[in-house]
Asker: 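Provided herewith is a single structure, encoded as structure tokens, for subsequent inquiry.
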Amino acid sequence: MESKVLNWKIKKSKFETHPSITMVSTNTRQRNVCKRRLNPVLAVPPSSVILHTDESGEFPESRNSSSSSNASLSSCAGSLLCHPNTVGIMGGGSVDSTLSFVRKLVHWSKENEETCTPFVLCSDPVLNRELLSLERNSSTLCSRNARSQFDHSPIVENLLSKRVFLEKSGAQCIVVPCHISHSWHDEVFKGCSIPSLHMAECVSRELKEAKLKPLEAGSPLRIGVLATDVTLKAGFYQEKLQNEGFEVVLPDKATIEHTVIPAIDAINRKDMEGARNLLRIALQVLLVREVNTVILASNDMCDLLPRDDPLLKKCIDPMDALVMSTIKWAQQAVKEGT
């Protein structure tokens, strides 16, 4: 199934500068179309052309039956898609995590529906590198001085340009499957003409709806958060969880300095076993503080432990909550549009 959903061809051109890729998926007759668009701000020449195939492995443009779909697209006043439940997906620091989000969105939305949720995906390698570098090099930004001197305005401007592009592409809601990008969520989506889903709000609401009970009678509901130092310093997970009435438990300074930051450093060195052991220690430190569950707000951390690891069963991936919230929004948008 995955090969059908994410089956594409990449054709190299003579250009080797930074590409910016937009993938368009529409659920018309379960056909998917992928088109290559230049970044609206950077306007750099392409280094790849991505064409999305349909389930037969052919390109929709090559089939006569695609004419109705093309006519529908051309009638949307310049938008790539015009479905009332079209989701705009803004790629973040990791292409792998973005594609993981897309796979889950496609597969989970089709569990109860015949077709998947239509979406427009925008991924910019320049933004990918900037965000990944900021997140994985958090140990060099630990001091308040270093953080205050770091100029994040280029990142914010890049995110803003992607938001505007997705709005113009026909998206009716925008999601950002990237933790660190939410550090500037309010700034990026200020004045946005369409709604956006905040990952921390989604996971906080999901935990609230789960009606958890404290581990000890009379104690508050405690939720642990484990993430990179940059994400923790941004504070948006703490804010959204507290808004839902949870007590937030963060790793203490010693845990961050001796396990979290070294774990990220180990990932940068490709020492996955070392990173895995350090992550286990950090999780155990949080769990002994009587938390109901631990939010793993880091794609690198979520991918470290094997799926059958007992510690992972005590954690929650906020990306999954974002997927489910996106599907619920799309289903509601269809009902309201009929």
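In this chain, residues are counted from 1 in sequence order.
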Asker: Give a yes or no on whether I295 and L215 share a hydrophobic cluster (residues Ile, Leu, Val, Met, Phe, Trp, Tyr; joining criterion: side-chain heavy atoms under 4.5 Å apart).
Answerer: no
Asker: In this structure, would I281 and I267 fall into the same cluster of hydrophobic residues linked by side-chain contacts under 4.5 Å?
Answerer: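 Not linked; separate clusters.
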Asker: Any sub-3.5 Å donor-acceptor pair from T293's side-chain atoms to K314's backbone N or O?
Answerer: yes
Asker: When you check the side-chain N and O atoms of Q242 and Q238, is any donor under 3.5 Å from an acceptor?
Answerer: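 Side-chain D/A pair, Q242 to Q238: absent.
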Asker: Measuring from F165:CZ to D124:CG, what's the distance to the nearest 0.5 Å?
Answerer: 11.0 Å
Asker: Do T228 and T231 have side-chain N/O donor and acceptor atoms under 3.5 Å apart?
Answerer: yes
Asker: What orientation do Y237 and H179 show, parallel under 30°, tilted 30 to 60°, or perpendicular over 60°?
Answerer: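 The rings of Y237 and H179 sit tilted, inter-plane angle from 30° to 60°.
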Asker: Using modelled atom types only, decide if a donor and an acceptor are shared between the side chain of K162 and the backbone of M90 within a distance under 3.5 Å.
Answerer: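 Here the side-chain-to-backbone pair does not exist.
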Asker: Test L322 against V175 for side chain to side chain contact (heavy atoms under 4.5 Å, CB included), laying out the working first.
Answerer: CA-CA 8 Å; L322 181 62; V175 297; 4.2 Å; yes
Asker: Between V260 and D229, is any pair of side-chain heavy atoms under 4.5 Å apart?
Answerer: no
Asker: Nearest 0.5 angstrom please: L287 CG to L226 CG, how far?
Answerer: 9.5 Å
Asker: Evaluate side chain to side chain contact (heavy atoms under 4.5 Å, CB included) for M319 paired with C302, printing each intermediate quantity in order.
Answerer: CA-CA 10 Å; M319 202 75 74; C302 285; over 6 Å; no
Asker: Over all heavy atoms of both residues, which pair between S183 and A234 is shortest? Give the atoms and the distance, please.
Answerer: OG-CB, 3.4 Å
Asker: Is it the case that one hydrophobic cluster holds both V291 and L311, taking links as side-chain heavy atoms less than 4.5 Å apart, direct or via other members?
Answerer: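 Per the 4.5 Å side-chain linkage, V291 and L311 are co-clustered.
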Asker: Apply side chain to side chain contact (heavy atoms under 4.5 Å, CB included) to residues L121 and V102 and explain how you reach the verdict.
Answerer: CA-CA 9 Å; L121 188 156; V102 171; 3.3 Å; yes
Asker: Will you find, in the side chains of T86 and Q172, an N or O donor that is under 3.5 Å from an N or O acceptor?
Answerer: no
Asker: Measuring only between side-chain heavy atoms, which start at C-beta, is N292 closer than 4.5 Å to F246?
Answerer: no
Asker: Find out whether S161 and N158 are in side-chain contact, i.e. whether some heavy atom of one side chain is under 4.5 Å from a heavy atom of the other.
Answerer: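 Yes, side chains in contact.
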Asker: What are the two closest non-hydrogen atoms of C122 and L166, and how far apart are they?
Answerer: CB-CD2, 4.1 Å
Asker: Under a 4.0 Å threshold between the charged nitrogen and the carboxylate oxygen, would R280 count as salt-bridged to D309?
Answerer: yes
Asker: Report the distance from atom CG of N85 to atom OG1 of T326, rounding to the nearest 0.5 Å.
Answerer: 11.5 Å
Asker: Distance from D300 atom CG to S94 atom OG, nearest 0.5 Å?
Answerer: 7.0 Å
Asker: Are V164 and W184 connected into the same hydrophobic cluster when the rule is that any two of I, L, V, M, F, W, Y join if their side-chain heavy atoms are below 4.5 Å apart?
Answerer: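 In one cluster with W184: V164, no.
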Asker: Please step through side chain to side chain donor-acceptor pair (under 3.5 Å) for the pair E167 and S193, ending with a clear verdict.
Answerer: CA-CA 8 Å; E167 284 182 274; S193 62; 2.5 Å; yes
Asker: Where do L131 and S181 come nearest, in terms of heavy atoms and distance?
Answerer: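 Minimum heavy-atom contact is CD1-OG, 3.3 Å.
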Asker: What's the shortest heavy-atom distance between R289 and P251, and which atoms?
Answerer: NH1-CA, 4.3 Å
Asker: Do I155 and L134 have side-chain heavy atoms sitting under 4.5 Å apart?
Answerer: yes
Asker: Could you tell me if the side chain of I174 sits less than 4.5 Å from the side chain of I89, heavy atoms only?
Answerer: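 Heavy-atom side-chain distance check fails, nothing below 4.5 Å.
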Asker: State, yes or no, whether a side-chain contact exists between L305 and L283 at a heavy-atom distance under 4.5 Å.
Answerer: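 In short, these two side chains touch, coming nearer than 4.5 Å.
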Asker: Quick check: do L232 and L250 have side-chain heavy atoms less than 4.5 Å from each other?
Answerer: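 The answer is yes; the side chains approach within 4.5 Å.
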Asker: Find the distance between CG (D96) and CG (N299) and round it off to the nearest 0.5 Å.
Answerer: 9.5 Å
Asker: Test ring-ring contact (aromatic ring centres under 6.0 Å, His included) on F236 and H198; report intermediate values, then the result.
Answerer: CA-CA 10 Å; F236 53 87; H198 194 294; 5.8 Å; yes
Asker: Shortest non-hydrogen contact from S298 to A227?
Answerer: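 The answer is CB-CA, 4.4 Å.
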Asker: In Å, rounded to the nearest 0.5 Å, how long is the span from OG of S196 to CD of E201?
Answerer: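 Rounded to the nearest 0.5 Å, the OG-CD separation comes out at 8.0 Å.
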Asker: I194 and C173: side chain to side chain contact (heavy atoms under 4.5 Å, CB included), yes or no, with the steps?
Answerer: CA-CA 6 Å; I194 57 177; C173 177; 5.7 Å; no
Asker: State plainly whether one hydrophobic cluster holds both L278 and M301, where clusters connect Ile, Leu, Val, Met, Phe, Trp and Tyr through side-chain heavy atoms under 4.5 angstrom apart.
Answerer: no
Asker: Just so I know, are the side chains of T259 and V285 near enough to count as touching, which here means a heavy-atom distance under 4.5 Å?
Answerer: no
Asker: Looking at every heavy atom in both P220 and E247, which two are closest together, and how far apart are they?
Answerer: CG-OE1, 3.0 Å
Asker: Just by modelled atom types, is the G92 backbone N or O under 3.5 Å from a matching donor or acceptor in the N128 side chain?
Answerer: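 Looks like yes, one N/O pair under 3.5 Å.
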